[in-house]
A.B. asks: 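Got a structure for you, written out below as structure tokens; questions coming shortly.
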Amino acid sequence: MKKKIIAAALALALALTMAACGGSSSSSSSAAASSDAAGSTAAVEGLKEAFAESPILLTSGGQSADYQMIGTVMSKLGMDCTVNNLATSADLGDAKTLIVVAGGSSKGLGAAGIDADGELARLTELLDGAKEKGLSIIVMHTGGEARRGDLSDKFIAPCFEKADYAIVVAAGDSDGLMSGLCAENGIPMDSINSISDVTTVLPAAFK
């Protein structure tokens, strides 16, 4: 009888120990999952204060027509801007801010007489030159979903990774590519509904 009681007690103790271990493991997994989820949904903050100055050099990052539309918007805002879709570091002159409008267009590349690899090399040289001279760099993606795809995406990361500030039309970032790049690199980003909304955020970036 005593043996049966001892055996039952040992079985109960073992069951309680296993339950405790299982509960601890489950709790740990949940905490890890929460941590992973928090990391993958890191919030991107909008611009908090003005940092850029004129004069401004505006260029394309992929030769889509989006940079021309931004040029028109800036002109209507009365912003001092030089537009050069094929700018290199030699064209920085006395500019204090470089704005790159990212978005690839095979038609635009053809019209500019440059291929995608050449455009990427131009952008890399230009952005490195702007960094070296201490210019502020603003990168925009304003073409929405229509300006995404393999060609456009080829230019997005190299531009966004070197930005001081980004402006993005929300429909073009449904996969979180650009917000993810900004979060990873600590770059403030403002998300807008359409290209016309550039007027509500861009001027605030300038002192």
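Atoms considered below: every heavy atom in the structure, side chains included; atoms not considered: hydrogens, waters and symmetry mates. All figures in this text were calculated on a predicted structure; none of them were measured in a lab. For reference, positions follow the sequence shown, starting with 1.
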A.B. asks: Can any side-chain N or O of His141 pair as donor or acceptor with the backbone N or O of Ala166 at less than 3.5 Å?
C.D. replies: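 Flag not set: sc His141 to bb Ala166 has no pair under 3.5 Å.
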A.B. asks: If you take all heavy atoms of Gly62 and Leu123, which pair is closest and at what distance?
C.D. replies: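 Residues Gly62 and Leu123, closest heavy atoms: N-CD1, 4.3 Å.
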A.B. asks: Is any side-chain N of the basic residue among Lys133 and Asp128 closer than 4.0 Å to the acidic one's carboxylate O?
C.D. replies: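 Answer for the salt bridge query: no.
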A.B. asks: Search all heavy atoms of Ser105 against all heavy atoms of Ser64 and return the closest pair with its distance.
C.D. replies: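 Heavy atoms only, the tightest pair is CB-CA, 3.6 Å.
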A.B. asks: Does Ile114 offer a backbone N or O that forms a donor-acceptor pair with the side chain of Glu119 under 3.5 Å?
C.D. replies: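 A pair under 3.5 Å: no.
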A.B. asks: I want to check something: taking the side chain as every heavy atom from C-beta on, are Leu57 and Leu92 in contact at a cut-off of under 4.5 Å?
C.D. replies: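 Yes, at least one pair of side-chain atoms sits under 4.5 Å.
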A.B. asks: So do the side chains of Thr88 and Leu126 get within less than 4.5 Å of each other, counting heavy atoms only?
C.D. replies: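 Result no, sub-4.5 Å side-chain heavy-atom pair not found.
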A.B. asks: Does some side-chain heavy atom of Phe160 sit less than 4.5 Å from a side-chain heavy atom of Leu177?
C.D. replies: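 Contact flag for Leu177/Phe160 side chains = no.
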A.B. asks: Rounded at 0.5 Å granularity, tell me how far CG in Leu98 sits from NZ in Lys162.
C.D. replies: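 One finds 11.5 Å between CG of Leu98 and NZ of Lys162.
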A.B. asks: Are the side chains of Ser179 and Met189 in touch, meaning some heavy atoms are under 4.5 Å apart?
C.D. replies: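 With C-beta onward as the side chain, the pair touches.
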A.B. asks: Once you round to the nearest 0.5 Å, how far does CG of Asp80 lie from OG of Ser54?
C.D. replies: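 Reported value, rounded in 0.5 Å steps: 5.5 Å.
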A.B. asks: As a quick check of understanding, evaluate side chain to side chain contact (heavy atoms under 4.5 Å, CB included) for Arg148 and Met178, giving each step before the final call.
C.D. replies: CA-CA 11 Å; Arg148 288 295 306 277; Met178 288 167 275; 4.1 Å; yes
A.B. asks: To check you understand the geometry: which heavy-atom pair defines the closest contact between Lys131 and Asp164, and what is its length?
C.D. replies: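 So the two residues come closest at NZ-OD1, 3.6 Å.
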A.B. asks: Hey, what do you get for NZ (Lys154) to CG (Leu151), rounding to the nearest 0.5 Å?
C.D. replies: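 Going from the NZ atom of Lys154 to the CG atom of Leu151 covers 8.0 Å.
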A.B. asks: Judged by atom type as modelled, is there a donor-acceptor pair below 3.5 Å linking the side chain of Glu125 to the main-chain atoms of Ser89?
C.D. replies: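 Flag set: sc Glu125 to bb Ser89 pair under 3.5 Å.
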A.B. asks: Hydrogens and angles aside, do Thr59 and Asn84 bring a side-chain donor and acceptor to less than 3.5 Å of each other?
C.D. replies: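 Their side chains do not contain a donor-acceptor pair, so the 3.5 Å distance test is not met.
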A.B. asks: Contact between Phe206 and Thr97 at the side-chain level, heavy atoms closer than 4.5 Å - yes or no?
C.D. replies: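 Yes. Closest side-chain heavy atoms under 4.5 Å.
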A.B. asks: Do you know which two heavy atoms are closest between Ser152 and Gly104, and how far apart they sit?
C.D. replies: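 Shortest heavy-atom separation between Ser152 and Gly104 comes out as OG-N, 2.8 Å.
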A.B. asks: Over all heavy atoms of both residues, which pair between Met74 and Leu58 is shortest? Give the atoms and the distance, please.
C.D. replies: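 In this case the closest contact between Met74 and Leu58 is SD-CD2, 4.3 Å.
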A.B. asks: Does Phe155 form a side chain to side chain contact (heavy atoms under 4.5 Å, CB included) with Val100? I'd like the steps, not just the answer.
C.D. replies: CA-CA 10 Å; Phe155 307 112; Val100 181; over 6 Å; no
A.B. asks: So, taking the atom named OG in Ser60 and the one named CG in Leu86, what distance separates them when rounded to the nearest 0.5 Å?
C.D. replies: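 Reported value, rounded in 0.5 Å steps: 8.5 Å.
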A.B. asks: Let me confirm one number: the CD1-CG distance from Ile70 to Leu77, rounded to the nearest 0.5 Å.
C.D. replies: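 Reported to 0.5 Å precision, the distance equals 9.5 Å.
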A.B. asks: Do Thr142 and Val168 make a side-chain contact, defined as non-hydrogen atoms from C-beta onward lying under 4.5 Å apart?
C.D. replies: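 Side chain of Thr142 against side chain of Val168, heavy atoms only: no contact under 4.5 Å found.
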A.B. asks: Quick one: does Asp115's side chain have a donor or acceptor within less than 3.5 Å of a partner on Gly118's backbone?
C.D. replies: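 Checked: pair present.
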A.B. asks: Give a yes or no on this: more than 12 heavy atoms of other residues, nucleotides or ligands lie within 6.0 Å of atom CD of Glu161.
C.D. replies: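 Check passes, neighbour count above 12.
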A.B. asks: Mind checking the OG1-CD spacing from Thr72 to Gln68? Nearest 0.5 Å is all I need.
C.D. replies: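 Between atom OG1 of Thr72 and atom CD of Gln68 there are 7.5 Å.
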